[in-house]
Enquirer: 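Take a look at the following structure, please.
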Amino acid sequence: MTAQEIEEKKTFEFAPKARIYAISSLNFGDNQLADAYGTNYGIGTSLSFFSLANFRPALNYELSRYQIVKPELTRATGNSSTFWSVFGTVAYDIPITKEVIIAPDFGIGYSQLTLGAGKTRFGNQGGTQFRAGLSTNYKFASAAAVFVGVHYIYTTLQVSTHPDFESYYNHGQQIQFAIGFQFGKK
């Protein structure tokens with residue numbers, strides 16, 4: 001085996017990881033999500049199967065519940081909304097110590113906001129989500145770590161409304177905070 005073959009084997013690593021975490025988001029800007037809704041809380045999960053030269057792709061799912069604080073701005077009756085996202089991310093793992101890894105990441109995916117009243121759901125708005133952020137992992141066991149993260153998220157939503165209101169309802173911006181557990185070697 002040549003030195004180049006040995007180096008290539010180290011570049012790709014099968015290293016499955018799973019994450020489960022709690023999220024809280026602060027919406028901001030001149031848009032419906034910032035003005036009509038309070039701070040939201042939710043859960044997320046992430047699966048990653050390999051790394052390539054410290055780059056780690058992952059599939060993610062997040063689900064949040066929003067309380068409507070200004071119903072007149074949602075343009076529908078209802079008292080809450082559900083916001084969910086399915087997205088892919090690519091992180092770059094930067095080992096700081098044997099136990100600590102910092103991982104900047106970026107991602108893109110699909111999001112949907114659904115208005116609701118009680119158990120009745122209506123008024124879906126789907127769109128694209130772009131995100132960039134940073135996580136810090138602390139490994140406390142051979143296959144377990146805790147992590148915290150912060151992300152900037154920009155979401156575009158498809159709406160059908162008067163052109164004068166479109167820019168208010170068709171996007172959202174938020175800073176998202178996450179804390180959770182990661183399971184998997186390395």
Enquirer: Give the cluster check for V146 versus I94: same hydrophobic cluster or not, with ILVMFWY residues linked at side-chain heavy-atom distances below 4.5 Å.
Expert: yes

Enquirer: Does some side-chain heavy atom of L63 sit less than 4.5 Å from a side-chain heavy atom of F83?
Expert: no

Enquirer: Just wondering, do I175 and Y152 contact through their side chains at under 4.5 Å, heavy atoms?
Expert: yes

Enquirer: Could you see if V86 belongs to whatever hydrophobic cluster contains Y154? Use Ile, Leu, Val, Met, Phe, Trp, Tyr and a side-chain cutoff under 4.5 Å.
Expert: no

Enquirer: Indicate the atoms forming the closest heavy-atom contact of Q173 with G29, along with that distance.
Expert: NE2-CA, 4.4 Å

Enquirer: Which pairs, with at least one residue in residues 96-107 and sequence neighbours excluded, count as a side-chain hydrogen bond (donor to acceptor under 3.5 Å, both in side chains)?
Expert: D105-H151

Enquirer: Write out all pairs satisfying salt bridge (Lys or Arg N to Asp or Glu O under 4.0 Å) with one or both partners inside residues 47-59, taking only residues at least two apart or from two chains.
Expert: R56-D93

Enquirer: Counting distance only, does the side-chain N/O of T136 pair as donor-acceptor with the main-chain N or O of V148 below 3.5 Å?
Expert: no

Enquirer: Which value, rounded to the nearest 0.5 Å, describes the distance between N54 atom CG and T11 atom OG1?
Expert: 9.5 Å

Enquirer: Do Y61 and F183 share a hydrophobic cluster (ILVMFWY, side-chain heavy atoms under 4.5 Å, transitive)?
Expert: no

Enquirer: Rounded to the nearest 0.5 Å, how far apart are OG of S51 and CZ of F12?
Expert: 7.5 Å

Enquirer: Taking F28's backbone N and O only, do any of them form a donor-acceptor pair with N31's side chain (distance below 3.5 Å, no angle check)?
Expert: yes

Enquirer: Hey, which of T45, N137, N60 is the one that makes side chain to side chain donor-acceptor pair (under 3.5 Å) with R19?
Expert: N137

Enquirer: When you look at T82 and Y66, which way does the side chain to side chain contact (heavy atoms under 4.5 Å, CB included) test go after all the steps?
Expert: CA-CA 6 Å; T82 303; Y66 283 81; over 6 Å; no

Enquirer: Please name the pair of heavy atoms, one in G172 and one in L33, separated by the smallest distance, quoted to 0.1 Å.
Expert: CA-CD1, 3.9 Å

Enquirer: Let me confirm one number: the CD1-CD1 distance from I102 to I96, rounded to the nearest 0.5 Å.
Expert: 4.0 Å

Enquirer: Apply side chain to side chain contact (heavy atoms under 4.5 Å, CB included) to the pair S46 and L59, showing each step before the final yes or no.
Expert: CA-CA 6 Å; S46 175; L59 298 172; over 6 Å; no

Enquirer: Say whether F147 and F177 are linked into one hydrophobic cluster, either directly or through other cluster members, by side-chain heavy-atom distances under 4.5 angstrom.
Expert: no

Enquirer: Do I20 and L47 share a hydrophobic cluster (ILVMFWY, side-chain heavy atoms under 4.5 Å, transitive)?
Expert: no

Enquirer: Take atom CZ of F181 as the centre, draw a 6.0 Å sphere, and report whether it contains more than 12 heavy atoms from other residues, nucleotides or ligands.
Expert: no

Enquirer: Taking S111 for its side chain and T128 for its backbone only, find out whether a donor-acceptor pair lies under 3.5 Å.
Expert: no

Enquirer: Going through the checks in order, is the side chain to side chain donor-acceptor pair (under 3.5 Å) test met by E62 and S85?
Expert: CA-CA 5 Å; E62 292 180 351; S85 303; 5.2 Å; no

Enquirer: First locate atom CD of Q129, then atom CH2 of W84, and finally report the distance between them rounded to the nearest 0.5 Å.
Expert: 11.0 Å

Enquirer: Please report the interatomic distance CD1(I108) to CZ(F130), rounded to the nearest 0.5 Å.
Expert: 4.0 Å

Enquirer: Between OH of Y21 and OG of S135, what distance do you get to the nearest 0.5 Å?
Expert: 8.5 Å

Enquirer: Ignoring hydrogens, what is the shortest heavy-atom contact between S24 and Y41? Give both atom names and the distance.
Expert: OG-CE2, 3.4 Å

Enquirer: Looking at every heavy atom in both E166 and V159, which two are closest together, and how far apart are they?
Expert: CG-CG2, 3.9 Å

Enquirer: Please name the pair of heavy atoms, one in S25 and one in N40, separated by the smallest distance, quoted to 0.1 Å.
Expert: CB-OD1, 2.9 Å

Enquirer: Quick one: is the NZ or CZ of R131 closer than 6.0 Å to the six-membered ring centre of F87, and within 45° of its axis?
Expert: yes

Enquirer: A side-chain contact here means heavy atoms from C-beta on lying under 4.5 Å apart; do N124 and L113 qualify?
Expert: no

Enquirer: On a heavy-atom basis, which atom in A178 and which in I23 lie closest, and how many Å separate them?
Expert: CB-CG2, 4.0 Å

Enquirer: Stepwise, does the side chain to side chain contact (heavy atoms under 4.5 Å, CB included) test hold for L157 with H171?
Expert: CA-CA 5 Å; L157 297 168; H171 74 282; over 6 Å; no

Enquirer: Measure the shortest side-chain to side-chain distance between Q32 and Q125 over non-hydrogen atoms and say whether it is less than 4.5 angstrom.
Expert: yes

Enquirer: Please report whether the ring centroid of Y92 lies less than 6.0 Å from that of F55.
Expert: yes

